[in-house]
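Following: one structure in structure tokens, then a few remarks.
FYI, side chains are in, hydrogens and waters are out, and symmetry mates aren't considered; it's all heavy atoms of this structure. Atoms within a ligand are numbered from 1 in the order they appear, just like the ligands themselves. Heads up: numbering here begins at 1 and tracks the sequence.
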Amino acid sequence: MLNQIKGLHHVTSMARDANENNAFFTHTLGLRRVKKTVNFDEPSVYHLYYGDEAGTPGSVMTYFPFPNITRGKPGTGEVGSTVFSVPKGSLDFWQQRLAAQGVGNIERDESFGENRLRLRGPDGDGFALVEVSDDKRPAWLAGGVAEDDAIRGFHSASLRLRDGGATEELLKFMGYQDVDTSNGIKRLAIPGGNGADFIDIETLPDVGRADLGAGSVHHIAFAVDNREKQLEVRKALLDTGYQVTPVIDRDYFWAIYFRTPGGVLFEVATNEPGFNTDEDTAHLGQALQLPRQHAHLRSRLETLLPKIED
Ligand code: ZN
């Protein structure tokens with residue numbers, strides 16, 4: 001069993017409209033946009049990152065806004081919901097705030113003994129806020145949400161799978177442990193994690209496969225401290241029979257990817273070097289940052305990409 005993984009690093013999803021996406025995460029949820037860059041493979045599409053002040057691993061939600069793509073079809077083989085941690089007693093505030101801003105499908109319930117508020121993002125994305133009483137992670141407070149209410153980072157991601165068994169086995173190999181089962185949903189946790197510690201597995205044998213589109217999660221990334229730990233994880237996965245990509249330089253972290261038995265794409269990403277490699281922490285996310293290989297496209301991309309209204 002591995003011990004290098006420290007919880008979630010980031011979650012990456014698809015959207016239709018960069019401005020709608022930016023407004024939802026910065027104005028509605030009060031996160032900081034920590035990077036405005038482009039998709040490595042499709043530089044005419046933004047890659048937007050939202051998180052805490054520094055974009056600490058475990059807090060980072062990222063999006064590819066592909067203009068006019070169709071919505072995803074929910075189903076199995078995907079992440080069902082991405083869950084953020086908020087302070088105890090803050091869900092009344094959030095319920096009112098989200099309703100006032102026209103956010104859809106707001107529902108309060110309890111899950112694993114925690115107060116939860118479920119909501120839908122602009123493209124139908126599945127999100128939830130869960131009250132956590134002892135989350136020590138600092139909040140980003142310039143986003144207009146007070147410290148008593150502000151998001152601390154991810155709490156968990158839930159996977160919807162036709163057959164959860166093999167993915168559960170993989171997560172345990174990656175260092176996750178059984179915590180609990182509630183309403184047929186299995187919760188695993190990483191010991192000594194960064195706060196974004198839980199993965200929930202929902203097994204839905206009769207539900208068809210999801211189609212990727214706007215509102216769908218493209219992949220989830222797990223955090224390791226550095227490149228050395230990443231190579232240890234990569235070797236262990238390869239030795240177990242997983243097909244893992246070579247290490248890819250994503251400018252703000254190094255990444256490896258592999259497809260899991262249940263169909264969800266997993267990434268393992270390093271905590272180094274972080275988001276202040278090309279702009280200082282005080283100005284993260286403001287200017288368009290381009291990967292080196294696309295730097296020569298700057299003037300064209302600045303014309304082509306929609307202007308984001310902050
Ligand atoms: Zn990623």
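The environment of R108 atom CZ is dense: over 12 non-hydrogen atoms of other residues, nucleotides or ligands sit within 6.0 angstrom. In the displayed structure, D280 atom CG is contacted under 6.0 Å by more than 12 heavy atoms of other residues, nucleotides or ligands.
D125 and Y63 share a donor-acceptor pair across their side chains, judged by distance under 3.5 Å alone.
Note that R33 lies outside the cation-pi zone of F25, set by a 6.0 Å cut-off to the ring centre and a 45° limit from the axis.
Annotation: side chain of V268 is not in contact with side chain of Y257 (no heavy-atom distance under 4.5 Å).
For F253, the ring-ring contact (aromatic ring centres under 6.0 Å, His included) partners are H9, H10, not counting sequence neighbours.
Note on the Zn ion (ligand 1): protein N, O or S atoms under 2.8 Å away count 3, no waters included.
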